[in-house]
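Some notes on the structure that comes next.
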Amino acid sequence: MKTQGRRDFIKTLAAFGVSGVGISASFPTQVEAVTESIPSENLMGVLVDTTACIGCRKCEWACKRAHQMESGSIRDYNDRTVFQKPRRLDHNSLTIVNQYPDDESKPSINVKIQCMHCDYPACVSACIVGALSKKKSGAVVWDGNKCIGCRYCMVACPFQIPAFDYHKAIEPEIRKCDFCVARTSQGKLPACVSICPVEALAYGPRSELTRIARDRIKKHPDRYNSRIFGETEVGGTSWLYLSAVEFKQLGFPRLDKDPAPIISETIQHGVFKYFIPPVGLYVLLGGVMWITRDKDERRD
Ligand code: SF4
Ligand code: SF4
Ligand code: SF4
């Protein structure tokens, strides 16, 4: 299966003679829960080319709309003052675009962030009630019917992605990108990919995305840093990034290749097997937080 930006996707629809849905043969049709991590080499992913992103923030707007969140008018997203300092995700933002000055003599670099949909998701392993799961489509999704609001997933995530909706104390809600499973299971593109006007986002099988990324790096060594972020970090992620500069300069954490869940799984099993009392659990979670944090922060 080839990767698809917005224009390619429309062409595919035309080829299948449909206008919005019904191309299920070319996209994953089922979102099936699995208990174990699934290396996503042949699952779907997104390649984010930060050298192409123009920082229009249309993806932020489309994401909110697709998730029935308060989105306001698309014109509101022309506000450039938000780029004054890097923002973090919150209960009303499943994705945001930050801007980093690379070098004062060069143009700024725009970086869209969201859940990376890890191949070995630490959040899934840390969740003691199975409220988070990696699906066969590549998406890591949250199940509100199972969540007890413990927020261990927030502690375990090496990218500090899950946000907690504190406005819903009675019904705890963890908010994070769900890879638009409702759309992709109907053969549609994720909302952010669909709206991106410059095709800075490409959706497709991860193996194809890594091939494209390597190809771009090879053809344009002057334009790209030779690394693909997400290819190996914490065991690999479904979302991959290309950049002109070192990823550290764009706010990406420096992470090992080893999957983080090994530690959180040990904790989870310990809780049930040996019935670790709560105080012991918090000590262990502190350990997970330390291990999954950025390598440089740890050294500090
Ligand atoms: S980025 Fe964080 S929230 Fe997303 S799958 Fe990985 S561990 Fe889970
Ligand atoms: S894939 Fe969907 S949920 Fe994730 S950032 Fe894009 S629009 Fe938002
Ligand atoms: S819609 Fe595309 S170009 Fe605009 S900010 Fe998002 S990723 Fe960048």
Side-chain angles (χ1 to χ4, degrees), residues 5-6 37-38 40 44-69 71 74 77-78 80 82-83 89 92-99 108-127 131-135 137-142 151-164 174-185 188-203 230 233-239 241-242 252-253 255 259-261 263-264 288 292:
R6 188 170 50 91
S37 311
I38 315 165
S40 61
M44 304 305 275
V46 170
L47 176 63
V48 183
D49 190 336
T50 61
T51 70
C53 177
I54 55 172
C56 66
R57 299 176 58 217
K58 285 188 166 73
C59 49
E60 290 185 24
W61 177 80
C63 178
K64 288 184 192 203
R65 293 263 298 183
H67 294 84
Q68 295 81 46
M69 297 160 89
S71 62
I74 196 163
Y77 293 74
N78 291 331
R80 315 298 284 179
V82 297
F83 291 139
L89 300 165
N92 195 39
S93 314
L94 308 185
T95 186
I96 49 176
V97 181
N98 282 322
Q99 197 169 73
S108 299
I109 300 171
N110 305 296
V111 183
K112 175 191 182 299
I113 57 167
Q114 69 298 301
C115 171
M116 299 289 289
H117 298 280
C118 306
D119 288 357
Y120 301 93
C123 58
V124 171
S125 299
C127 183
L132 283 150
S133 53
K134 174 93 173 165
K135 308 297 183 191
S137 62
V140 174
V141 300
W142 173 80
R151 286 171 274 159
Y152 295 164
C153 55
M154 294 172 71
V155 176
C157 174
F159 299 98
Q160 300 178 43
I161 296 298
F164 190 69
I174 292 289
R175 309 300 307 266
K176 70 166 207 69
C177 160
D178 62 357
F179 215 160
C180 282
V181 282
R183 291 174 59 91
T184 55
S185 61
K188 295 180 187 171
L189 284 172
C192 53
V193 178
S194 174
I195 202 165
C196 183
V198 292
E199 300 193 355
L201 309 172
Y203 176 72
E233 281 77 7
V234 285
T237 58
S238 288
W239 282 60
Y241 283 77
L242 282 174
F252 287 82
L255 298 165
I263 305 120
S264 26
V288 171
T292 57

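Each ligand, and each atom within it, is numbered from 1 in the order the structure gives.
For atom 4 (Fe) of ligand 2, the closest non-hydrogen atom on the protein side is Cys177 SG, 2.2 Å. Scanning the protein for heavy atoms near atom 3 (S) of ligand 2, the closest one is His67 CE1, 3.1 Å. Nearest non-hydrogen protein atom to atom 5 (S) of ligand 2 is Lys112 NZ, 3.4 Å. In this structure, the protein non-hydrogen atom closest to atom 2 (Fe) of ligand 2 is Cys180 SG, 2.2 Å. Looking at atom 6 (Fe) of ligand 2, its nearest protein heavy atom turns out to be Cys192 SG, 2.3 Å.
Taking every non-hydrogen atom of Arg57 and a distance limit under 4.0 Å, the qualifying atoms of ligand 3 come out as 4 (Fe), 5 (S). Near Cys56, with a cut-off below 4.0 Å to any heavy atom, the atoms of ligand 3 are 1 (S), 3 (S), 4 (Fe), 5 (S). Residue Lys176 approaches ligand 1 through these ligand atoms, each under 4.0 Å from one of its heavy atoms: 3 (S).
Selection from Ala62, Cys196, Ala200, Cys53 by nearest heavy atom to atom 8 (Fe) of ligand 3 gives Cys53.
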After noting the C-alpha distance and the side-chain angles of Lys188 and Ser194, does the key distance pass the side-chain hydrogen bond (donor to acceptor under 3.5 Å, both in side chains) rule? CA-CA 8 Å; Lys188 295 180 187 171; Ser194 174; over 6 Å; no

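The aromatic rings of Phe179 and Trp239 sit tilted, their planes meeting at an angle between 30° and 60°.
Neither the backbone nor the side chain of Val46 has any atom closer than 4.0 Å to an atom of ligand 2 (non-hydrogen atoms only). When heavy-atom distances to ligand 2 are checked against a 4.0 Å cut-off, Arg183 has no atom that comes that close, whether in backbone or side chain. Contacts between Lys134 and ligand 1, counted as non-hydrogen atom pairs separated by less than 4.0 Å, are absent for every part of the residue.
The nearest N, O or S atom of Cys123 is not closer to atom 6 (Fe) of ligand 1 than 2.8 Å.
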